[in-house]
Amino acid sequence: REEGKSMKTIKYAAPALAALCVAASPALAAKNLAKNGSFEKPVVGDGTYQLFNTGDSFKSWTVVGDAGNVAIVSGDFSYCVALPAAKGKQFVDLTGTSDTPTGIQTSVKTSPGSTYSVTFFLGNIVGSGNCGTTSTVNLVIDGVPVASFTNKKGGDQQVWKKFSTEFTAQNPTTTIAFMNGDPPDDTANGLDGVSVTLVAAP
């Protein structure tokens, strides 16, 4: 499975991170530490989007990476195909209008030695012209690139695929970034439903 491959990548890419198969109790898994994980704020107009450049911030997130932009997109917006959100009414398009290796990051409070799960939805469209065929996001934790995830599913609208992996916190605050991994000629890369939850304490 793709999730399994990604977890293995994390294990060997960064010694500080570990992919542990630990069952989460309902009590531990209930709280999402990532705020505004479905990108409902700020609210954009129906059928529109709002761009944020590298260095800009919106609620709980900062745009990072190469000079460029990302977009918060209304689920009513269409480009090549319809673009429904995975969660709520909005999502982030990591390609923005710049189609650069740009992304977004957030910081969450963590306990060193504890294991956490990162879960998110990756949206892909398959369309004519420069709409692309796959969507890839690169996960970076505390500045360390740890894994890449790719959604190859396509249909008559944006298709979402859920990914999940785990890491062991090294600091009281952990920074998690999702970077656009699509080539410059691919103009769509959806991200939605980001969740960070505690799996197990040491």
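It should be emphasised that the depicted structure is a prediction, and the values quoted were computed from it without experimental measurement. Quick note: numbers below take in every heavy atom, side chains included, and nothing from hydrogens, waters or symmetry partners.
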Short question: side chain of [X], backbone of [Y] - any donor-acceptor pair under 3.5 Å?
X: Gln105; Y: Val63; answer: no
X: Asn151; Y: Val159; answer: yes
X: Asp142; Y: Val144; answer: no
X: Thr54; Y: Asp66; answer: yes
X: Glu40; Y: Gln90; answer: yes
X: Tyr79; Y: Thr187; answer: no
X: Thr106; Y: Ser60; answer: yes
X: Gln170; Y: Thr168; answer: yes
X: Asn180; Y: Thr100; answer: yes

Would you name the heavy atoms of [X] and [Y] that are closest together and state the gap between them?
X: Ser111; Y: Tyr116; answer: N-OH, 2.8 Å
X: Ser135; Y: Gly123; answer: OG-O, 2.9 Å
X: Ser164; Y: Ser117; answer: OG-OG, 3.2 Å
X: Cys131; Y: Asp186; answer: O-OD1, 3.6 Å
X: Thr136; Y: Asn189; answer: O-ND2, 2.8 Å
X: Gln158; Y: Gly190; answer: OE1-CA, 3.8 Å

Ignoring hydrogens and geometry beyond distance, is a side-chain donor-acceptor pair present between [X] and [Y] at under 3.5 Å?
X: Thr175; Y: Ser107; result: yes
X: Asp93; Y: Thr95; result: yes
X: Ser195; Y: Thr119; result: no

| Among Phe120, Phe39, Phe91, which one satisfies ring pair (Phe, Tyr, Trp, His ring centres under 6.0 Å) with Phe178? |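 Of Phe120, Phe39, Phe91, ring pair (Phe, Tyr, Trp, His ring centres under 6.0 Å) with Phe178 is met by Phe120 alone.
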With the 4.5 Å side-chain cut-off for hydrophobic clustering, are [X] and [Y] part of the same group?
X: Met179; Y: Val70; value: no
X: Val81; Y: Val73; value: yes
X: Ile104; Y: Val108; value: yes
X: Val92; Y: Val196; value: yes
X: Leu94; Y: Leu51; value: no

| request: Apply the test side-chain contact (heavy atoms from CB on, under 4.5 Å) to residues Leu139 and Ile141: give CA-CA distance (whole Å), side-chain angles for both, the deciding distance (0.1 Å), then the verdict. | output: CA-CA 7 Å; Leu139 177 65; Ile141 299 181; 4.2 Å; yes
| task | Go through the steps to decide whether Phe163 and Phe149 satisfy the test ring pair (Phe, Tyr, Trp, His ring centres under 6.0 Å), and finish with yes or no. | result | CA-CA 8 Å; Phe163 292 91; Phe149 302 84; 5.4 Å; yes
Is there a side-chain contact between [X] and [Y], using heavy atoms and a 4.5 Å cut-off?
X: Thr97; Y: Tyr49; answer: yes
X: Asp56; Y: Thr62; answer: no
X: Lys89; Y: Ser74; answer: no
X: Asp99; Y: Asp182; answer: no

Just verifying a value: how many Å separate [X] [atom1] and [Y] [atom2], rounded to the nearest 0.5 Å?
X: Lys161; Y: Thr150; atom1: NZ; atom2: OG1; value: 9.0 Å
X: Ser78; Y: Ile125; atom1: OG; atom2: CD1; value: 10.0 Å
X: Ser98; Y: Asn69; atom1: OG; atom2: CG; value: 4.0 Å

| said: Does Asp192 form a side-chain contact (heavy atoms from CB on, under 4.5 Å) with Trp160? I'd like the steps, not just the answer. | reply: CA-CA 9 Å; Asp192 205 357; Trp160 294 94; 3.7 Å; yes
| query | Are Phe121 and Leu191 close enough, and set up right, to give a side-chain contact (heavy atoms from CB on, under 4.5 Å), and what steps lead you there? | reply | CA-CA 6 Å; Phe121 290 82; Leu191 177 71; over 6 Å; no
| Residue pair Val126, Lys152: steps toward the side-chain contact (heavy atoms from CB on, under 4.5 Å) verdict | CA-CA 9 Å; Val126 177; Lys152 300 179 180 180; over 6 Å; no
| said: Could you check whether Trp61 and Phe52 have their ring centres less than 6.0 Å apart? | reply: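 Judged by ring-centre distance (under 6.0 Å), Phe52 and Trp61 do not meet the cut-off.
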